[in-house]
Amino acid sequence: MSQMSNVLDAVVARVVARDPHEPEFHQAVREVLGTLSPALERHPEYVEAGILERLVEPERVILFRVPWVDDAGHTQVNRGFRVQFNSALGPYKGGLRFHPSVNLGIIKFLGFEQVLKNSLTGLPLGGGKGGSDFDPHGRSDAEVMRFAQSFMTELSRHIGEQVDVPAGDIGVGGREIGYLFGQYKRLNNSYSSGVLTGKNPEWGGSLARTQATGYGTVIFAQEMLRGRGLSFDGRRVTISGAGNVAIYATAKAQALGAHVQAVSDSSGYVVDEDGIDLELLRQVKEVERARLSVYAERRAASSAASGSATAVRYVAGGNIWDLPADIALPCATQNELTEADAETLIRNGVQVVAEGANMPSTPGALAAFQAAGVSFGPGKAANAGGVAVSGLEMAQNASRDHWTFEQVEAKLTDIMVAIHNTCLATADEYGTPGNYVLGANIAGFTKVARTMLAHGVI
Ligand code: NDP
């Protein structure tokens, strides 16, 4: 055991020494490799074949300049990234993130997680991730379009239906995918529907892709609750974020009878004692792209007008994890839930935490939840519904077919339940019942490792 730990420690040390300025990537590698010892004890051939060293090194990193002209006529220059991490199981697959915090280390952490997540879905998908430090907030549609066209002009050289299939992530939704797809189509003079996922269902997208990550996270959490003899019905739920994942996690949790009391954005959080008004939330965030404070103002105004006394409050700059909740679904961004937040949630009686975002819990938070016996579903398992339906979108594009919402949702549910059961079965097999983190990491890893071994040293 300790010999294997030494091997793993040496791999982590090399990752840190090679790229010292990538703390999020180090964190993701440490978290995964920290759980792999028992699998490697059983399969020393993976170590002998250098699988670990290859797993932490992307197959290809593409970094490019993205020049564009803003509405005032000024030239702006952003940086574009695509990390093609691992293609053992299929074409590189993973989203594009447009956010000012984006750098190579963040894209590498997301790509590394994506490899194992995609493996867990059971679909033939490799792992990759990309994006830019471009901030779409406050930009006009015309600016977003010019930026997206410039970004795709370079990216188009490196992607393709059988090569690399990007999708959305933070800051990249239906509007951005539309501009990116349009430019790809123009440059290639071919209608390659399968080159991007997250498209509008009117021109090649899959129904239920918009909902998939949020729905999938709640389906996964429902299975976790079932294991404790509980359900969403009547339970208080806190959901961080107010974007794509958070909105559809809210929708699904409410459909299952939950009381979703609060959501957040990067400026603060809103508590709605009557439960979040989903239609208003969608109007404010999806249609108007406004701040969450607008939700609170509108909700208060409409309840005053109707004479009802809805208790809604907006807490600027507040910490959403201070609220007592039975179930917490972090759906905003990495490292948004700290060890101190975890301790507050535990003190307040949280029972289940499922990550809709990627790596939202810090290592200290994760350890605290596990030590307290809280069921903890890591992002690479709990939020895999998005990429799973992206895989289903690729299947529909390849067969020129179009499935109904119900068909896709049924497949999504099957996939999420299967991932849940795989995590638990793997945790059992390795003598750590209920440890979803170990189960997800080992199950995701072993399939990739077996395949890399079969493909030889490449
Ligand atoms: P969106 O851009 O739609 O929404 C992101 C939300 O998180 C916004 O409310 C945003 O607030 C908030 N947020 C972003 N960055 C920060 C920050 N630094 N601090 C506080 N709040 C922040 O993105 P998605 O909903 O698509 O993605 C959310 C998470 O889910 C990400 O971790 C993503 O990687 C993960 N994910 C997404 C998938 C998908 O299919 N979309 C699939 C799997 C995982 P504000 O507007 O104020 O910035």
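Every number for a ligand or one of its atoms is a count from 1 in the order of the listing.
From the protein, the heavy atom lying nearest to atom 37 (C) of ligand 1 is Val245 CG2, 3.5 Å. Ranking protein heavy atoms by distance to atom 44 (C) of ligand 1, first place goes to Asn358 ND2, 3.5 Å. Nearest non-hydrogen protein atom to atom 18 (N) of ligand 1 is Thr333 CG2, 3.6 Å. Of all protein heavy atoms, the one lying nearest to atom 4 (O) of ligand 1 is Gly243 CA, 3.2 Å. When hydrogens are left out, the protein atom nearest atom 3 (O) of ligand 1 is Asn244 N, 2.9 Å; that is the closest non-hydrogen contact. Taking atom 33 (C) of ligand 1 as the reference point, the nearest protein heavy-atom neighbour is Asp169 OD1, 3.1 Å. Looking from atom 27 (O) of ligand 1 to the surrounding protein, the closest heavy atom is Ile170 CG1, 3.6 Å.
Interatomic distance, Lys199 NZ to Ser390 OG, rounded to the nearest 0.5 Å: 8.5 Å. Considering CG of Asn383 and CG of Asn358, their distance stands at 4.5 Å, rounded to 0.5 Å.
Ranked by closest heavy atom to atom 12 (C) of ligand 1, the top entry among Gly216, Ala388, Gly198, Ala332 is Ala332.
Heavy-atom contacts of Arg291 reach the following atoms of ligand 1: 45 (P), 46 (O), 47 (O) (cutoff under 4.0 Å). Residue Arg97 approaches ligand 1 through these ligand atoms, each under 4.0 Å from one of its heavy atoms: 31 (C), 32 (O), 33 (C), 34 (O). In summary, the atoms of ligand 1 found under 4.0 Å from a heavy atom of Gly356, numbered by their order in the structure, are 30 (O), 35 (C), 36 (N), 44 (C). Residue contact check: His99 has heavy atoms under 4.0 Å from atoms 15 (N) of ligand 1. Atoms of ligand 1 lying under 4.0 Å from at least one heavy atom of Gly171, given by number and element, are 2 (O). Close approach to Arg209 involves these atoms of ligand 1, each under 4.0 Å from a residue heavy atom: 40 (O). Each of the following atoms of ligand 1 lies closer than 4.0 Å to a heavy atom of Cys331: 28 (C), 29 (C).
No side-chain donor-acceptor contact under 3.5 Å links Gln183 and Ser156. Between the side chains of Asn335 and Gln27, at least one donor N or O sits under 3.5 Å from an acceptor N or O. Checking Asp71 against Ser140 by side-chain atom types alone, a donor-acceptor pair falls below 3.5 Å. A side-chain donor-acceptor contact under 3.5 Å links Asp70 and Gln76. Side-chain contact, Ser87 with Glu59: a donor N or O sits under 3.5 Å from an acceptor N or O.
There is no protein heavy atom less than 4.0 angstrom from atom 10 (C) of ligand 1.
Contact annotation: the side chain of Met359 approaches that of Glu24 to within less than 4.5 Å [non-hydrogen atoms, C-beta and beyond].
Between Lys285 and ligand 1, not a single N/O pair is under 3.5 Å apart. Considering backbone and side-chain N/O of Gly168, none are found under 3.5 Å from N/O of ligand 1. For ligand 1, none of its N or O atoms has an N or O atom of Gln334 under 3.5 Å away. Not one N or O of Gly241 is nearer than 3.5 Å to an N or O of ligand 1, by distance alone. The N/O atoms of Ser267, backbone and side chain alike, include none that comes under 3.5 Å of an N/O atom in ligand 1.
Under 4.0 angstrom from ligand 1, the non-hydrogen atoms of Thr213 all belong to its side chain.
Using a distance-only test at 3.5 Å, with no hydrogens or angles considered, a donor-acceptor pair links the side chain of Lys285 to the main chain of Ala290. Under the 3.5 Å distance criterion, the side-chain polar atoms of Thr362 are matched with a main-chain donor or acceptor of Ala365. No side-chain donor-acceptor contact under 3.5 Å links Asn200 to the backbone of Trp203.
With salt bridges taken as basic N to acidic carboxylate O contacts below 4.0 Å, none links Lys380 and Glu355. For the pair Lys129 and Asp169, the salt-bridge criterion is met [side-chain N within less than 4.0 Å of a carboxylate O].
Contact between His137 and ligand 1 is present, with at least one heavy atom of the residue lying under 4.0 Å from the ligand.
Ring planes of Phe147 and Phe134: parallel class, angle under 30° (limits at 30 and 60°).
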